Amino acid sequence: MEALRTRRSALCTAILLLTGASPLHALEPSGWLRSQLFATRDSRQQPITSAAGRLRLALDGGDRLRLHLAYDHELLQGGLPADPVAAAALQRPQPTWLDADAPISRRSHLYWHHTLYRGWLAWERGAWRIKLGRQRIAWGSGRIWNPTDRFNPVAPTALEPDWKLGVDALRLEWNGVRDNRALTAVIAPGRAAHGVARKLALRWQQTRGDLDLALTGGAIGRTPIAGIDLTGNLGDGAIRLEWLGEFDHAAGGELILGGDNNWRLPWLAQPLYLAVEYLYHGTPGRPASPDRLTIGSRHQIGASLGYDLTPLWRIDLLAIVDPDHGGSFMAPRLRWSAGDDLELDAIVQLPQGGAFTPLEPLWALRADYFF
């Protein structure tokens with residue numbers, strides 16, 4: 001079965017590469033290499049050190065008919081692949097409808113696999129656009145949490161919150177440029193074996209003056225959902241409200257209230273970015289799924305700060321407090337733009353009790369090279 005799945009994944013990738021690229025012109029190749037070294041504790045409370053690498057090769061191009069492909073090789077070695085909990089998680093299929101990933105080598109301290117990160121075709125004509133394939137559907141305006149993002153939710157406590165696998169879907173968009181309106185419909189098939197529920201969603205967006213409004217409705221599996229995303233200006237900053245409700249027997253939902261601004265303070269040479277958000281979670285501890293995060297408390301408060309020390313050095317801090325159980329999560333990061341195509345990061349994650357009890361302290365060094 002494993003060999004069959006590997007051949008099927010390789011075949012799907014080859015078909016996308018061959019059939020997608022052939023009718024298009026001016027395809028632009030690009031790439032990205034991420035290397036990470038991190039230390040933490042495993043599920044047995046043993047200190048471990050691991051190294052992770054990701055090589056991404058991408059093709060992008062076309063005019064009215066546009067193609068985007070991104071193909072990843074990922075290598076994880078060290079103590080994490082040997083941890084039984086992590087090893088079990090690595091063996092689970094990706095939460096996608098299409099089989100487009102497969103392991104290449106799996107050993108006690110090494111896991112190497114490849115996957116199709118993105119693979120879509122888009123056709124545009126006038127105000128209409130159709131996109132088919134593995135894509136990122138980024139809904140929500142929150143800076144720390146995004147309740148209305150039910151296609152690719154990623155917890156702010158993740159080591160790589162920028163890594164979002166995407167969803168295999170058909171998306172139809174209409175954009176009224178003159179009156180700042182847009183309508184989006186998304187159909188994403190489900191696959192029970194991968195723990196993926198069918199998703200149907202319709203989103204209406206409207207901009208009037210300084211106010212952006214988006215209304216969302218649809219269903220995840222058999223659960224109806226409805227949401228609102230509201231963003232407006234307050235002085236030099238922005239305020240936002242985002243809510244999504246699930247209308248099943250658990251009657252769950254999430255709400256955020258927040259705002260952000262670049263503060264110019266007399267004792268700082270550069271503006272200080274600050275975003276503050278309050279999260280209300282209607283069903284804390286509800287089991288997670290690929291389209292739902294587990295939040296272990298009803299209330300959380302988060303703040304995100306950023307400051308440019310120099311044009312090349314930047315420091316960021318994410319802080320989340322769990323007032324229900326007295327827990328906290330702190331994640332400072334120092335970034336150095338070492339070149340036009342090279343970024344280096346030092347990252348620390350410090351969870352403390354409450355909803356963050358399952359997490360372990362982590363120290364990481366990261367290098368991103370773009371080509």
Side-chain angles (χ1 to χ4, degrees), residues 95 135-158 161 164 166-167 169-173 181-190 192 195-208 211-232 238-260 275-302 320-325 354-355:
Q135 54 192 284
R136 165 76 173 126
I137 300 175
W139 288 355
S141 60
R143 295 295 183 259
I144 301 174
W145 295 283
N146 291 118
T148 60
D149 185 357
R150 298 305 302 272
F151 290 95
N152 299 118
V154 176
T157 55
K164 300 179 180 181
V167 60
L170 171 65
R171 176 163 58 170
L172 176 63
E173 296 177 318
R181 293 182 295 173
L183 181 65
T184 304
V186 179
I187 302 174
V196 179
R198 181 191 62 185
K199 303 180 186 72
L200 307 173
L202 193 65
R203 183 176 176 90
W204 171 261
Q205 295 173 264
Q206 173 82 60
T207 299
R208 288 191 176 183
L211 190 65
D212 294 330
L213 172 66
L215 300 175
T216 303
I220 298 177
R222 297 183 178 181
T223 302
I225 62 170
I228 183 171
D229 186 1
L230 187 64
T231 304
I239 56 173
R240 53 185 50 85
L241 179 151
E242 191 175 338
W243 167 82
L244 186 132
E246 298 182 4
F247 304 99
D248 59 2
H249 65 280
E254 292 181 1
L255 168 73
I256 66 161
L257 295 170
D260 64 323
V276 178
E277 286 183 3
Y278 161 73
L279 168 70
Y280 173 80
H281 188 73
T283 52
R286 191 174 185 181
S289 70
D291 46 55
R292 182 190 297 116
L293 300 177
T294 293
I295 298 178
S297 57
R298 193 173 295 275
H299 309 275
Q300 290 189 13
I301 301 172
I320 303 176
V321 176
D322 172 14
D324 289 349
H325 307 102

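Just so you know, these numbers use all the heavy atoms, side chains as well, and skip hydrogens, waters and symmetry mates. This is a predicted model, so every value here is computed, not measured. When a residue number appears, it is its place in the shown sequence, counting from 1.
- Counting non-hydrogen atoms of neighbouring residues, nucleotides and ligands closer than 6.0 angstrom, the CZ atom of Arg136 exceeds 12 such neighbours.
- Once rounded to the nearest 0.5 Å, the distance linking CD of Gln206 with CG of Asp212 reads 9.5 Å.
- Shortest non-hydrogen contact noted between Gly302 and Ile144 is C-CD1, 3.4 Å.
- A distance of 12.0 Å separates OH of Tyr278 from CD1 of Ile256, quoted to the nearest 0.5 Å.
- The side chain to side chain contact (heavy atoms under 4.5 Å, CB included) search around Ala185 returns Leu202, not counting sequence neighbours.
- Taking a 6.0 Å sphere around CG of Leu213, one finds it holds more than 12 heavy atoms contributed by other residues, nucleotides or ligands.
- Closest heavy-atom contact between Ala275 and Asp260: CB-CB, 3.6 Å.
- Scanning for side chain to side chain contact (heavy atoms under 4.5 Å, CB included) contacts around His325 gives Ser297, Asp322, with sequence neighbours left out.
- Between His299 and Tyr280, some side-chain heavy-atom pair lies under the 4.5 Å cut-off.
- For the pair Glu277/Arg143, a side-chain contact is recorded, criterion being any heavy-atom separation below 4.5 Å from C-beta on.
- With contacts defined as side-chain heavy-atom distances shorter than 4.5 Å, the pair Ile320/Pro156 qualifies.
- Residues Arg240 and Asp229 are not paired through a salt bridge, judged by the lack of any N-O separation under 4.0 Å between the basic side chain and the carboxylate.
- In terms of heavy-atom proximity, Lys199 sits nearest to Arg150 at CE-O, 3.4 Å.
- Taking each heavy atom of Trp145 and Ile301 in turn, the nearest pair found is CH2-C, 4.1 Å.
- Counting only heavy atoms from C-beta outward, the side chains of Leu244 and Ile225 approach each other to under 4.5 Å.
- Between the CD1 atom in Ile239 and the OG atom in Ser141 there is a gap of 11.0 Å [rounded to 0.5 Å].
- Listed here is the closest heavy atom pair of Ile137 and Ala169: CD1-CB, 4.4 Å.
- Summarising the geometry of Leu211 relative to Gly232, their closest heavy-atom pair is CD1-CA, 4.2 Å, with the distance given to 0.1 Å.
- Remark: side-chain polar atoms of Asn152 are paired, donor with acceptor, to backbone N or O of Gly166 under 3.5 angstrom.
- For the 3.5 Å distance criterion, the side chains of Thr148 and Glu242 qualify, holding a donor opposite an acceptor.
- A donor-acceptor pair is defined here as one N or O able to donate and one able to accept, closer than 3.5 Å; such a pair exists between the side chain of Arg298 and the backbone of Gly282.
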*List the steps and the verdict of side chain to side chain contact (heavy atoms under 4.5 Å, CB included) for Leu241 and Leu255.*
CA-CA 7 Å; Leu241 179 151; Leu255 168 73; 4.1 Å; yes
